[in-house]
Amino acid sequence: MIIRLGYVAMSVELQNASPSQTMTFAQFSKIKDRDAAIRKLERIAESNLHNCLRLLKHNEANQIHFFRLSSRLIPLANHEELLDWNYMKPLIEPLKELADHIKKHPARIDFHPDHFVVLNSPDKEILKNSLRTLVMHKALLKGMEIDTEHRCVLHVGGGYDDKEKALELFIHNWAYISPSIQRMIMLENDDTTFTVKETLYLCEKLGIPMVFDYHHHLANHEDKNWQEDWGRVVETWQDSRLPIKMHISSPRSEREFRAHADFVDVEMFLRFLAQIKGTVPEIHCMIEAKQKDAALFQLSRDLQGKSGIKMLDQSSFLME
DNA sequence: GCCAGTCAAGTCCCG
DNA sequence: CGGGACTTGACTGGC
């Protein structure tokens with residue numbers, strides 16, 4: 001079984017390379033010349049994409065081939081007051097640069113739109129805004145010439161005091177979503193509302209790959225035993241061209257259990273791997289730790305020399 | 001230079 | 001029903 005590690009959005013090693021620089025609407029509104037304000041937004045977005053390229057080069061140099069892009073690349077994209085702004089136009093060139101780099105140095109690259117994207121909302125406006133955000137993600141992927149299939153991880157959404165009804169609402173809304181957007185999506189169990197079993201229910205019914213988050217499962221489950229559902233999780237990836245992926249992180253402390261720790265506990269990770277050994281040929285593990293790429297390097301070092309683990313490169317291992 | 005507060009977006013919890 | 005917490009990183013304003 002091949003294990004590949006990835007990390008999220010930004011580097012703690014690379015200086016001044018934020019892909020999430022921003023401008024708030026309040027700041028935007030303070031600038032009297034609206035065109036000048038929009039040009040400023042565009043410069044920020046271009047700088048964010050430029051930093052993405054630097055991050056991909058950094059990843060390449062360090063043999064990391066799995067990465068989640070920031071979902072805050074374009075400040076105020078999809079804001080109500082800026083719907084007339086064609087934010088993609090000045091980004092064609094920088095996106096092409098990214099496309100060229102990715103073509104030369106293939107890597108699994110995806111997104112995790114943040115929790116304002118809620119597909120099971122009973123409010124039509126919220127659903128509409130969510131879909132607009134997903135359309136933006138699709139345009140970014142297209143610009144980078146990345147196959148859009150299974151590139152956006154989402155949570156199920158709100159519980160609305162009745163989780164069963166909330167799940168049915170997801171199915172109801174799903175029918176209004178275009179097939180190309182549907183195919184971009186993966187669903188993840190969350191740490192407060194929807195458990196592995198509930199997320200699986202949707203994934204199986206709608207043909208969506210499920211991203212298993214082990215930390216979330218420990219924080220939120222009706223049945224702690226995840227092993228009996230693991231086969232079902234694997235099955236949701238049957239029709240995907242991509243290997244199964246999961247999220248891995250450690251609790252910051254017993255008291256702040258849901259918060260993410262700086263690094264990943266290697267012993268916990270190994271215990272997990274031992275239990276899924278042989279169930280899939282390859283698994284991609286997204287490390288969600290405060291120390292970002294430094295946490296990946298740390299885990300990579302910690303894995304070296306463990307029995308049954310063979311290092312293939314900085315971020316890839318073979319488990320025998 | 002440091003620290004607290006603010007920010008597009010949504011949901012949940014409390015009073 | 002209204003307001004604050006939650007959450008994340010970036011950035012601003014006050015000292």
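Throughout, protein chains are lettered first and strands after them, A, B, ... in sequence-line order, and every chain is numbered starting at 1.
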C/dT8 pairs with which nucleotide, Watson-Crick or G-U wobble, both distances below 3.5 Å?
->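 Check on C/dT8: unpaired, no WC or wobble geometry under 3.5 Å.
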
Watson-Crick or G-U counterpart of B/dA9, or none if no pair lies under 3.5 Å =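 Pairing partner: none.
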
What is the distance from [atom1] of [X] to [atom2] of [N], rounded to the nearest Å?
{"X": "A/Asp161", "N": "B/dC14", "atom1": "CG", "atom2": "P", "answer": "12 Å"}
{"X": "A/Leu76", "N": "B/dC7", "atom1": "CG", "atom2": "C1'", "answer": "10 Å"}
{"X": "A/Arg252", "N": "C/dT7", "atom1": "CZ", "atom2": "P", "answer": "9 Å"}
{"X": "A/Asn220", "N": "B/dT11", "atom1": "CG", "atom2": "P", "answer": "17 Å"}
{"X": "A/His115", "N": "C/dT7", "atom1": "NE2", "atom2": "P", "answer": "10 Å"}
{"X": "A/Tyr7", "N": "C/dT8", "atom1": "OH", "atom2": "C1'", "answer": "17 Å"}
{"X": "A/Ile31", "N": "C/dC11", "atom1": "CD1", "atom2": "P", "answer": "14 Å"}
{"X": "A/Asp190", "N": "C/dT8", "atom1": "CG", "atom2": "C1'", "answer": "17 Å"}

Kindly work out whether a path of hydrophobic side-chain contacts (I/L/V/M/F/W/Y, heavy atoms less than 4.5 Å apart) joins A/Phe269 to A/Ile2.
->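 Unlinked, A/Phe269 and A/Ile2 end up in two clusters.
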
Identify whether any heavy atom of [X] sits under 4.0 Å from a base atom; if not, whether one sits that close to sugar-phosphate; answer base, sugar-phosphate or nothing.
{"X": "A/Ser130", "answer": "nothing"}
{"X": "A/Lys128", "answer": "nothing"}
{"X": "A/Gly159", "answer": "sugar-phosphate"}
{"X": "A/Ala77", "answer": "base"}
{"X": "A/Thr133", "answer": "nothing"}

When you measure from the side chain of [X], which nucleotide among [options] comes out closest?
{"X": "A/Asp114", "options": "C/dT8, B/dA9, C/dA10", "answer": "B/dA9"}
{"X": "A/Arg72", "options": "B/dT11, C/dG13, C/dG9", "answer": "C/dG9"}
{"X": "A/Arg258", "options": "B/dG10, C/dG9, C/dT7", "answer": "C/dT7"}

Below the 4.0 Å mark, does [N] have OP1 or OP2 next to a side-chain nitrogen or oxygen of [X]?
{"X": "A/Lys292", "N": "C/dG9", "result": "yes"}
{"X": "A/Lys290", "N": "C/dG9", "result": "yes"}
{"X": "A/Thr24", "N": "B/dT6", "result": "no"}
{"X": "A/Ser121", "N": "B/dT11", "result": "yes"}

Name of the residue among A/Met246, A/Met286, A/Glu288 meeting side-chain contact (heavy atoms from CB on, under 4.5 Å) with A/Asp213 |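 When A/Met246, A/Met286, A/Glu288 are each tested with A/Asp213, the side-chain contact (heavy atoms from CB on, under 4.5 Å) holds only for A/Glu288.
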
If we take the [atom1] atom in both [N] and [M], what is their distance in whole Å?
{"N": "B/dC2", "M": "C/dT7", "atom1": "C1'", "result": "23 Å"}
{"N": "C/dT8", "M": "B/dG1", "atom1": "P", "result": "28 Å"}
{"N": "B/dT11", "M": "C/dG9", "atom1": "P", "result": "22 Å"}

Would you kindly compare A/Pro19 and A/Lys30 by the position of their nearest DNA chain C nucleotide and give the one closer to the 5′ end?
-> A/Pro19

Just wondering, do A/Phe116 and B/dA9 stack (centres under 5.5 Å, planes under 30°)?
-> yes

Backbone of A/Asn16 reached by a side-chain donor or acceptor of A/Arg54 within 3.5 Å | yes

With no hydrogens and no angle check, is any side-chain donor or acceptor of A/Ser130 less than 3.5 Å from a backbone partner on A/Ile126?
->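 Checking the backbone N and O of A/Ile126 against the side chain of A/Ser130, a donor-acceptor pair under 3.5 Å is found.
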
If you draw a 6.0 Å radius around CD in A/Glu164, do more than 12 non-hydrogen atoms from other residues or ligands fall strictly inside?
-> no

Worked check of ring pair (Phe, Tyr, Trp, His ring centres under 6.0 Å) between A/His221 and A/His216 | CA-CA 8 Å; A/His221 54 261; A/His216 287 171; over 10 Å; no

Qualifying residue, where the test is side chain to side chain donor-acceptor pair (under 3.5 Å) with A/Ser240 and the options are A/Lys245, A/Arg183, A/His150 =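 Considering A/Lys245, A/Arg183, A/His150, a side chain to side chain donor-acceptor pair (under 3.5 Å) with A/Ser240 is found only for A/His150.
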
